[in-house]
Amino acid sequence: MIDPANFASLFEQLPLGAYRSTMEGKQLRANAAMVAFNGYDTEAEMLAVVEDISTEWYVDPSRRAEFLRLLARDGKVSRFVSEVFRHKTRERRWVAEYAHVVKDEHGTPVYVEGTVEDITERRYARKEVAASERRLRVLNDKSQSATIICTVDGVITYATPSLQQLLGYAPESMLGVNFFDSMHIDDQAEHRAEFRNVSLGRNTGQESVARHRHADGTWRYLASFASDCRDDPAVAGMVVYWRDTTDAQRAAQALQRVAQTDGLTGLVNRAHFESLARGALEAARTSGSRVALYFIDLDKFKWVNDSYGHAVGDQVLIGAVDRLRGVLAPNHVLARLGGDEFAVIAPLDLLSVVDEIAARWTDALARPLVVNEMAFQLSASVGVSVFPDDAASFETLLQHADHAMFAAKADRFHSFRRFEPSFSKQASEQALLAAELYRAVKARQFVVYFQPQFDASIGRTIGLEALVRWQHPTRGLVAPSEFIGVAEDQGLIRELGELVLHQALEAGAQLQQLPTLLPCFRIAVNTSVHQLRHPSFFSSVTQALTAKKIPASMLQIEVTESALIERSGRAAHTLNALRDVGVSIALDDLGVGYSSLDYLRRLNIDTIKLDREFVGGLPHKRIECAIVRAILTLATELNIELIAEGVETGEQAQWLAASGCQKLQGYFFAPPAPLSVIMERLSAER
Ligand code: C2E
Ligand code: CA
Ligand code: CA
């Protein structure tokens, strides 16, 4: 039977030592934990040998006197910490005692009951702290550290003299001050919670850093380590050890700045921009104001990079950023998102200033930028979307600004556009197009049309230009202007170019069967610089020529300026190699905006194609006419063939022929057509 009034079993099983003794110190009862603590096996064995607690137990006998004094005064002791002997072995241990006096009905003390907790391990750990603290104190002068003792709330009761160096205050002047008062408001919540944890025995043992105000007004970064020494009579409080880490923190901040900025331009980088922008949106949400996000993309920057190399490209970028910085308002954040893409976050007072701000960016870039003694005419396309009008989240805001930028890029008359919902549709159409194109290249959904090139002096077709079309399953024939750019961006242009080259050479093989074909007849194939840069391009061309039994002179490669400018690059190498085996090279799209005609002298080319926009101005626009005459003179002098593209009227054809340009291509003579149509036409020629 279990007797509910009997506490004996609880007394026995308590993990804490528990005892009853006479006022004189004679042990009456001891539980198992108490017996074990003293090194004995049974209670009887222990009680038989313990005579007098006061002399046999406490290492410092005066502790017994103190124990009795407290009992006499308060009737109890709590957390009474002393060093004692394990009775049987004389090993020293630290204990914390709770005890009270049990009195009889007359109020006379009868015996003492109490518990004994072995705190040696904990105490040892704390001693370690104290020892390391002493060690650190020695280093104090140099390492800038200080130790304070404070209440569980943080009120300082003691501070080492080194506090003077650390925070600039005399230690005496800090007594009674709560150390949280000098702490930065933003650091307080975290550190108060941590301090409370330590006082509750949940010390994580980790150092944490908080900012404290120095007497000189600056913030110092103090790493602190707190421990609870309230039960240590020598300390009787919370100990906080402080180490000044201000220099280390500053170094870390400098590192962080590096991580937040773009190496080339020193602008805020994409990741940091995102967090700043989110902050700006949050602030605007709270205050009910607006924020504009501008997306700025340099036009034709890729061309600068491809043509002049990355070193020049980098200088151009830095110059462009300087210009943008110059017109930045103090509350704007300019960031480089990558490549030639920039973004600005601008809090708006009025929605109506959105355009004005955008004009700053475009105007800032308008003056030519001189790099390496070359003048670059920069321009940018700017898109903007406004929070909260156009988007409510950072992601959408950025995406919409991006879409608006694309709309600006496609717009011939405006370099700046504010987001409109239809832009998102266009952008998703672009993405769809890219996906479709990928499949189309794999499925070879392309046909090549050919457009004759005509020699007015002999009245015969001297060659064909191969022009690709996409045989789209639902849209029918799609013009290359709609997909060549996407193919280049998506890395599909090499495969597509290969397809065109093979169809063109296949056409060449069939044309060679025609008895009426001129011996100098050639087929021109448009070639992207990406193709030329590929190491196997040269061999795949020569192999295809051999396979189709076509002379190299029947092939002309049409390239744009960018392929020719990087003279030391791989593209130039490929072109020279092709030229060496007899393939001719044409420079496509020579236009009004051409940088320097003199530079044509330095290029290894056989043919120049006058751009159709140029030809469209003939014969009525005086400047165009003058330039064409100058080019003709130069071409004759350099022995370069000239072909005029986009000849649409008899008037243009006549003017060109009369001026000395006999080679003509355009709708006036023949539009691009399938090979079968061309074959018929050529058979009729003689
Ligand atoms: P491009 O090389 O300047 O080709 C000439 C373009 O002018 C062709 O447009 C042609 O149809 C058009 N055209 C011909 N005569 C006239 C005319 O009298 N008036 C007008 N207004 N236009 C005329 P298309 O076929 O749409 O090709 C557009 C561009 O696509 C080409 O311009 C070329 O840069 C590119 N392209 C076409 N095929 C290929 C290809 O196989 N590979 C590469 N990389 N690009 C290609
Ligand atoms: Ca062309
Ligand atoms: Ca052209």
Side-chain angles (χ1 to χ4, degrees), residues 303 306 437 440-441 444-454 461 463-472 476-507 522-534 537 541 544 555-564 571 584-594 605-618 641-653 656 663-675 677-678:
W303 178 84
D306 285 351
L437 194 61
V441 171
R444 305 179 166 256
Q445 288 172 358
F446 298 91
V447 287
V448 177
Y449 274 34
F450 296 91
Q451 184 174 34
Q453 299 176 334
F454 199 70
T461 300
L464 301 172
E465 178 176 3
L467 294 160
V468 69
R469 271 98 186 90
W470 178 5
Q471 197 129 49
H472 193 278
L477 278 193
V478 180
S481 53
E482 281 192 48
F483 62 85
I484 291 291
V486 181
E488 293 202 322
D489 289 348
Q490 300 293 316
L492 294 168
I493 195 69
R494 284 204 297 114
E495 227 172 307
L496 179 60
E498 189 97 333
L499 258 154
V500 175
L501 183 73
H502 279 88
Q503 287 197 34
L505 293 182
E506 177 55 39
R522 63 168 182 235
I523 296 179
V525 178
N526 293 286
T527 307
S528 157
V529 67
H530 295 283
Q531 290 172 266
L532 296 172
R533 282 205 196 114
H534 199 265
F537 183 72
V541 171
L555 177 65
Q556 182 163 68
I557 296 289
E558 283 194 17
V559 294
T560 50
E561 199 188 355
S562 59
L564 299 168
S584 63
I585 312 295
L587 169 63
D588 208 349
D589 304 336
L590 185 81
V592 191
Y594 214 79
I605 47 171
D606 307 279
T607 306
I608 290 173
K609 300 191 77 177
L610 279 183
D611 191 58
R612 59 182 182 275
E613 251 183 75
F614 211 153
V615 172
L618 306 175
E641 176 193 52
L642 206 66
I643 301 183
E645 278 191 309
V647 180
E648 292 181 350
T649 66
E651 206 182 15
Q652 287 166 350
L656 282 161
K663 314 236 163 95
L664 308 166
Q665 178 183 348
Y667 295 164
F668 178 69
F669 298 99
L675 183 64
V677 176
I678 301 291

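Remember, it's 1-based here, ligands and their atoms both numbered in the order they're listed.
- Counting heavy atoms under 4.0 Å from ligand 1, residue Gln665 does not touch it at all.
- Counting the atoms of ligand 1 from 1 in the order shown, those under 4.0 Å from a heavy atom of Gly646 are 16 (C), 17 (C), 18 (O), 19 (N).
- Counting all heavy atoms, side chain and backbone alike, Asp606 lies closest to Ile585 at OD2-N, 2.6 Å.
- Looking only at protein heavy atoms, the nearest one to atom 28 (C) of ligand 1 is Pro480 CG, 3.8 Å.
- In this structure the side chain of Phe669 never reaches within 4.5 angstrom of the side chain of Thr461, judged on heavy atoms.
- The distance from ligand 1 to the heavy atoms of Val647 drops below 4.0 Å at these ligand atoms: 18 (O).
- Checked by atom type and distance alone, the side chain of Gln652 pairs as donor or acceptor with a backbone atom of Glu648 at under 3.5 Å.
- Not counting sequence neighbours, the partners of Glu558 by the salt bridge (charged side-chain N to carboxylate O under 4.0 Å, His left out) test are Lys609.
- Taking the Ca ion (ligand 2) as reference, Glu465 places its N/O/S atom OE2 nearest.
- Put simply, part of Pro672 is less than 4.0 Å from ligand 1, judged by heavy atoms.
- With sequence neighbours excluded, the residues forming a ring-ring contact (aromatic ring centres under 6.0 Å, His included) with His472 are Trp470, listed by chain and number.
- When non-hydrogen atoms are compared, ligand 1 lies under 4.0 Å from neither the backbone nor the side chain of Val525.
- In terms of protein heavy-atom proximity, atom 15 (N) of ligand 1 is nearest to Gln451 NE2, 2.9 Å.
- Evaluated by nearest non-hydrogen atom to atom 43 (C) of ligand 1, the leading choice among Val500, Asn526, Leu467 is Asn526.
- Residue contacts with ligand 1 for Arg469 involve side-chain atoms from C-beta outward but no N, CA, C or O (heavy atoms, distance under 4.0 Å).
- Taking 4.0 Å as the cut-off, Glu465 counts as a neighbour of ligand 1 on heavy-atom distance.
- Scanning all protein heavy atoms for the shortest distance to atom 18 (O) of ligand 1 gives Tyr667 N, 2.8 Å.
- With ligand atoms numbered from 1 in the order given, ligand 1 contributes 15 (N), 18 (O) to contacts under 4.0 Å with heavy atoms of Gly666.
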Derivation of the side chain to side chain contact (heavy atoms under 4.5 Å, CB included) call for Leu664 and Val615: CA-CA 10 Å; Leu664 308 166; Val615 172; over 6 Å; no
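- Among residue pairs with one or both ends in residues 496-506, none qualify as side chain to side chain donor-acceptor pair (under 3.5 Å); sequence neighbours excluded.
- Remark: atom 34 (O) of ligand 1 lies closer than 4.0 Å to no protein heavy atom.
- Within a 4.0 Å radius of atom 9 (O) of ligand 1, the protein has no heavy atom.
- For ligand 1, the atoms closer than 4.0 angstrom to any heavy atom of Asp589 are 3 (O).
- Ion pair Glu465/Arg612 not flagged as a salt bridge, since none of the NZ, NE, NH1 or NH2 atoms sits closer than 4.0 Å to an Asp/Glu carboxylate oxygen.
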Evaluate the side chain to side chain contact (heavy atoms under 4.5 Å, CB included) criterion for residues Phe537 and Thr527: first the C-alpha distance (whole Å), next the side-chain angles of each, then the deciding distance (0.1 Å), finally the verdict. CA-CA 11 Å; Phe537 183 72; Thr527 307; 3.7 Å; yes
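- Contact record, Glu561 with Trp303: OE1-CZ2, 3.7 Å, taken as the closest heavy-atom pair.
- A pairwise comparison of heavy atoms in Ser528 and Glu488 identifies OG-OE2, 2.9 Å as the closest pair.
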Show the numbers, then the answer: is there a side chain to side chain contact (heavy atoms under 4.5 Å, CB included) between Ile523 and Leu505? CA-CA 8 Å; Ile523 296 179; Leu505 293 182; over 6 Å; no
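- Scanning all heavy atoms of the two residues, the minimum distance from Thr560 to Leu587 falls at C-CD1, 4.0 Å.
- Shortest non-hydrogen contact noted between Val525 and Ala504 is CG2-CB, 3.7 Å.
- Of the candidates Glu648, Gln652, Glu645, Arg612, Arg612 brings a heavy atom nearest to atom 32 (O) of ligand 1.
- Across Pro452 and Leu464, no two heavy atoms sit closer than the pair CA-CD2, 3.7 Å.
- Contact atoms of ligand 1 toward Ile484: 43 (C), 45 (N), 46 (C) (distance under 4.0 Å to a heavy atom of the residue).
- By the criterion of a heavy-atom distance under 4.0 Å, the side chain of Asp588, and not its backbone, is placed next to ligand 1.
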Please assess Leu610 against Glu645 for the test side chain to side chain contact (heavy atoms under 4.5 Å, CB included), listing each intermediate value before the final yes or no. CA-CA 6 Å; Leu610 279 183; Glu645 278 191 309; 5.9 Å; no
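- Both the backbone and the side chain of Val468 come within 4.0 Å of ligand 1, judged by heavy-atom distances.
- Distances under 3.0 Å from the Ca ion (ligand 3) pick out the protein N/O/S atoms Asp588 OD1, Asp589 OD1, Glu645 OE1, Glu645 OE2.
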